[in-house]
Each structure stands twice: as C-alpha cells, then as structure tokens.
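Computation of the quantities below employed the complete heavy-atom set of this structure, encompassing side-chain atoms and omitting hydrogens, waters and symmetry-equivalent molecules. To find a chain, count down the sequence lines: A is the first, B the second, and so on, and within it residues start at 1.
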Amino acid sequence: MSAAASGTSKAAHGDVAAKRKKGPGALATAYLVIYNVVMTAGWLVIAVGLVRAYLARGSYHGLYYSIEKPLKFFQTGAVLEILHCAVGIVPSSVVLTGFQVMSRVFLTWAVTHSVREVQSEDSVLLFVTAWTVTEIIRYSFYTFSLLNHLPYLIKWARYTFFIVLYPMGVTGELLTIYAALPYVQKTGLYSVTLPNKYNFSFDYYTFLILIMISYIPLFPQLYFHMIRQRKKVLGHIEDYGKVE
Amino acid sequence: DKHLRAQSKRKPAKKTKKAVVFFEVEILDAKTKDKLCFLDKVEPNATIGEIKSMFHKSHPQWYPARQSIRLDPKGKSLKDEDVLQHLPVGTTATFYFRDLGAQISWVTVFLTEYTGPLVIYLLFYFRVPFIYPPKYDFTTSKHWVVHLACMCHSFHYVKRLLETLFVHRFSHGTMPLRNIFKNCTYYWGFAAWMAYYINHPLYTPPIYGEQQIRIALIIFLFCQIGNFSIHIALRNLRPPGSKTRKIPYPTKNPFTWIFLLVSCPNYTYELGSWLGFTLMTQCLPVAFFTLVGFIQMTVWAKGKHRSYLKEFRDYPPLRSPILPFIL
C-alpha cells in the first residue's frame with residue numbers, strides 16, 4: 001500500500017544529499033533494495049516450501065509445519081518496516097504500517113504459534129498462501145520501484161491480485177482465530193484473573209472475539225482504499241512508476 | 001446658488017472628516033477558490049472578527065467560530081483581533097476561508113469530560129447492579145483504602161469542574177466538535193476501567209499497607225494543592241476577558257516556585273497526583289492511565305515550552321517543559 005519512495009530519479013542517480021520529501025538518500029536506497037530483495041527471496045522460499053510439501057504429501061493438509069520457521073522469521077522481520085517509516089526513509093505513516101505489521105505478527109505468534117491445535121487447520125494454509133503471494137509481489141514491487149525499473153506487470157499484479165488475496169487472507173485469519181477460541185477458553189491462555197496484587201485482569205478469549213469484530217469496520221476501509229489506489233495508479237497508464 | 005453650494009459642502013464634510021479609504025473584502029474558498037462573499041465599504045479599522053460576523057450574515061451556516069480566515073490558502077489562520085488595514089493587503093483584500101467544522105466551546109467540553117469520570121467512578125463504588133456478581137450489588141468494600149481512593153478521585157474531578165467554571169481563562173473559545181467524542185471516550189473509558197478494579201470485591205489492597213497508603217495520600221494532596229496553585233498563578237497572569245500571554249514566574253506561594261525549573265508545572269503536579277493515586281491503589285490500569293496521561297501532557301508541555309521560547313526573547317533558559325532538567 002505504501003511504496004518505498006522514489007519514482008524520482010534523484011536517488012537512482014546517486015544523489016547523496018537526502019532530500020526531506022523526495023525519498024531516501026543513496027545509502028538508504030541501497031539498504032532498502034537489499035531489504036526488499038531479501039524479503040522477496042524469503043517469501044519465495046516459503047512459496048517453494050509449500051509447493052514441495054504439497055507435492056511430497058499429496059494433500060493440502062498440515063503444510064504449515066513445512067514452512068513454519070521461514071514464515072516466522074520473515075513475517076517478524078517485517079517489523080523493520082515500521083522502523084523505516086519512523087526514521088523517514090520510507091514515506092509512509094508509522095501508525096498505519098505499524099498496525100498492518102503488528103496484525104500479521106499477532107496472527108503468526110499470538111494465535112498460530114501459541115495455539116498448537118490450530119496449526120493443522122486448513123484456514124492456516126488459506127492465509128499463509130494469501131500472504132505469500134501478496135508479499136512476493138509487494139516486495140518485488142518495492143525493489144523494482146527503488147531501482148526505477150518497474151515492469152508494468154508487477155505494478156499491475158500488485159494492484160490487482162489483492163482483489164482476491166485480501167478477502168482470502170482475511171477469511172483464513174478469521175477462521176483460524178475462531179478455531180483457536182475453544183482452546184484459549186479451556187486453558188486460559190494469556191489470561192490473568194482476579195485477585196492479584198496488581199488488581200488487573202485480562203481475558204484473552206474475549207480479546208480474540210473483539211479482534212474478530214474489529215475486522216468488520218477495518219477490512220472494508222483497507223480494501224476500498226486499495227481499490228481507490230488501483231484506479232489512481234492503473235487508471236493512468238502514462239504515469240509510469242508514480243506511486244502513492 | 002451660494003446656499004446650495006454650502007449645503008453640498010456640508011454633506012460630504014459630515015461623512016468624511018478626512019478622506020477615508022474603504023476596503024473591499026472578497027472571501028474565497030481556500031480549496032476551490034470560489035468567490036464566497038464580497039464585502040464593500042469595509043472600515044479600515046475593522047477586525048477579522050467583525051469581518052467574520054459579516055461573512056456569517058451571508059452564510060448563516062458558518063458561524064464565526066468555525067471560520068478560518070487566512071491570507072494564503074495554505075497559510076495560518078488570522079486572529080480575530082487582527083485589524084484589516086494593518087494586514088499586508090491592498091484596498092481590495094482577498095482572504096481565503098476554510099471551514100473548521102462544527103465547533104463546541106471549551107467550557108462545554110471540559111464540563112462534560114470531567115463530569116463523566118466523577119459519576120462513573122461512583123457507580124462502581126456503590127456497586128450498582130450489572131457490574132459485579134449480583135450478590136455484591138450495593139455492598140461496600142471492606143478495605144478503607146477503597147473509600148479513600150473514591151474520595152480522592154471524586155475530589156480531583158470536582159476540583160477540575162470548579163476550576164473550569166471559576167478559574168481557567170481560555171484563549172480559544174471553541175474546539176472541533178469531534179473532540180468531545182474523542183476526549184469523553186478517553187476520560188470516561190479509563191475512569192470505568194480503573195473504577196472497576198479498585199471497587200471490585202476481589203480488590204487486593206497495597207502490599208505495604210498503611211505506610212504505602214499514607215505516603216501516597218501525601219503525594220496526592222501535595223500535588224493537588226500544587227496543581228491548583230499553578231492554575232491560580234496562570235489565571236492571575238491574564239486580566240479578565242483578555243487573551244494576553246506573559247511569562248509565568250514564581251509567586252509568594254511556595255508551590256509556584258517550581259516555575260524556576262519547569263514551564264508547565266501544572267502538568268508536573270498532575271503527573272504527581274496520578275502517581276500518588278497509583279501508589280495508593282496499587283492498580284495496574286491506574287498506572288496505564290498515568291502513563292498515557294504523562295505522554296500526552298509531555299507533548300503539550302513541549303509545545304507550550306516551544307511557543308514560549310518563540311514568543312519571548314528573555315525566556316528563562318533553566319526551565320524544562322515538564323520534568324526539571326529531564327524532559
């Protein structure tokens with residue numbers, strides 16, 4: 001949703017002085033290119049891992065285990081993107097990026113990792129697939145944008161695939177959280193009850209339900225924002241490389 | 001003939017003692033640049049406030065408080081006190097208008113946001129039905145610190161309400177309407193969250209008992225008096241009905257001596273009060289409320305400190321925004 005700066009030529013021509021509004025300097029650009037290449041590669045590894053596991057087992061079931069570690073690694077690594085915004089080398093809102101990344105990290109660790117029983121659910125495969133395809137496209141989009149050679153195909157893919165992948169991912173996420181609920185309630189996972197000396201309580205089960213409810217106002221907003229972006233970006237084919 | 005000439009001389013002489021150049025004012029929409037209003041024969045010493053009233057007549061939906069009038073579409077808002085002829089405009093002045101949205105008075109917002117916590121906390125204190133298990137309805141806590149906490153919390157908000165009505169002198173009349181929803185959610189929400197635990201039947205009193213509670217109460221009262229002293233000192237800086245800004249200095253009241261080290265000691269004392277209340281109740285939600293409030297007050301203090309520095313050349317250099325020497 002938020003491209004790493006430069007469609008402008010300044011950074012690409014090795015302009016060392018980091019201009020305030022026009023994207024990162026040369027060093028920052030080099031770092032971002034490396035970051036985005038590494039992330040693209042990482043998610044490709046996950047994609048390949050999924051395909052190989054499917055071919056080996058012959059079923060869609062339980063593929064999570066074959067990519068568990070790279071998924072955790074690369075999804076958690078995305079936290080760096082919040083830093084990029086905070087430092088200013090990427091012109092996106094810290095809050096928005098933070099929110100998006102943390103929601104992914106939450107699902108990866110606080111739900112899928114923490115509630116072992118949901119790991120064999122097919123809903124996990126649903127959102128992992130959606131994330132994998134999305135991220136491969138997104139990170140290669142950023143890589144090419146930074147290098148100022150963005151193939152129209154990648155731009156098109158980035159602003160088109162989400163139409164299916166977004167709802168697919170959301171469905172997988174919601175189903176997974178829903179599947180986790182009975183186990184969380186039974187074990188009291190991450191929950192604190194009274195009495196205690198801090199006079200505090202937290203019910204993770206209720207919290208997860210509230211999270212699910214929050215998808216209702218949030219998802220449409222994000223989805224239609226992307227649709228609007230799509231009209232803006234793909235609507236003008238002459239505006240090469242110009243990104244929000 | 002002579003008679004007629006004398007008459008014609010007299011008439012214009014009455015109207016204009018010396019040649020007065022009337023201004024023409026046109027008001028354009030800052031975004032669309034549409035001409036919204038044209039005022040002719042505007043007195044050169046007319047204020048922006050008066051122009052706003054005139055604009056309001058032709059556009060009754062935009063009362064003066066929600067008008068932002070600027071010289072430049074993206075520039076700063078002009079003040080109501082600014083005089084037309086002292087502005088960098090020609091005899092035909094062009095202003096840009098932005099709608100600030102529905103406005104609500106500061107007094108209204110303060111009264112609403114402070115009455116909420118006062119009432120809500122008491123609902124939990126008296127254990128009104130549907131909050132705790134029914135067997136506890138309308139019972140009272142067996143811990144005396146819970147009664148003390150209720151008194152302190154209530155005192156705090158009553159003090160705030162009275163200060164809003166009788167002490168504070170506001171420089172802005174209004175704020176955007178949506179702020180009242182935001183602010184009330186914050187104050188009312190946190191009040192409910194804190195009150196729920198402090199007045200809970202399973203509440204655990206402070207670990208160090210009476211000692212902890214006593215120290216906490218002293219801190220709380222000290223900071224309440226301090227906060228009040230600062231509010232009085234700030235009020236006395238500003239004559240009634242004025243919007244002047246002056247550098248605050250320590251007065252005879254020892255609680256104001258903190259002005260030597262801090263620009264916004266009202267926030268410093270407020271932090272202290274809530275730290276005292278946290279210690280008194282030993283309740284994590286209270287600690288969270290204190291933390292969030294501290295972050296917000298620090299942002300405000302830094303902003304105020306910066307504008308003091310910008311406005312006054314001789315601003316005391318030793319002062320920090322909110323915490324002596326630290327922040």
ask   = When only heavy atoms count and the cut-off is under 4.5 Å, which of residues 122-139 of chain B reach chain A?
value = none

key: Donor-acceptor contact present, side-chain Ser191(A) to main-chain Asp203(A), <3.5 Å   = no

query = Would you call Glu121(A)-Arg116(A) a salt bridge at under 4.0 Å N-O?
reply = no

task = Using modelled atom types only, decide if a donor and an acceptor are shared between the side chain of Ser103(A) and the backbone of Gln100(A) within a distance under 3.5 Å.
result = yes

request  = List for me each residue that meets ring pair (Phe, Tyr, Trp, His ring centres under 6.0 Å) alongside Phe207(A), sequence neighbours excluded, and say none if there are none.
outcome  = Phe202(A)

query = For the rings on Tyr166(A) and Phe219(A), is their centre-to-centre separation under 6.0 Å?
reply = yes

message = Under a 3.5 Å distance rule, please check whether Asn227(B) uses its side chain to pair with a backbone N or O of Asn266(B) as donor and acceptor.
response = yes

ask   = Which residues in residues 283-296 of chain B have a heavy atom less than 4.5 Å from any heavy atom of chain A?
value = Cys283(B), Leu284(B), Pro285(B), Phe288(B)

remark   = By residue number, those in residues 177-212 of chain B with heavy atoms under 4.5 Å from heavy atoms of chain A are Trp193(B), Tyr197(B), His200(B), Leu202(B), Tyr203(B), Thr204(B), Ile207(B)

query = Going by the angle between their ring planes, with limits at 30° and 60°, are Tyr157(B) and Tyr114(B) parallel, tilted or perpendicular?
reply = tilted

query = According to the interplanar angle, ranging from 0 to 90°, do the rings of Phe277(B) and Phe220(B) count as parallel (below 30°), tilted (30 to 60°) or perpendicular (above 60°)?
reply = tilted

inquiry  = Under a 3.5 Å threshold, yes or no: a donor from one side chain and an acceptor from the other, between Gln75(A) and Arg104(A)?
reply    = yes

ask   = If we ignore angles and hydrogens, is there a donor and acceptor under 3.5 Å between the side chains of Thr176(A) and Ser123(A)?
value = yes

ask   = Between Arg306(B), Lys304(B), Lys302(B), His305(B), which is the residue that forms a side-chain hydrogen bond (donor to acceptor under 3.5 Å, both in side chains) with Ser263(B)?
value = His305(B)

query = So, Glu270(B) and Arg160(B), do they make that salt bridge, N to O below 4.0 Å?
reply = yes

task = Check whether more than 12 heavy atoms from other residues, nucleotides or ligands sit under 6.0 Å from atom OH of Tyr308(B), and answer yes or no.
result = yes

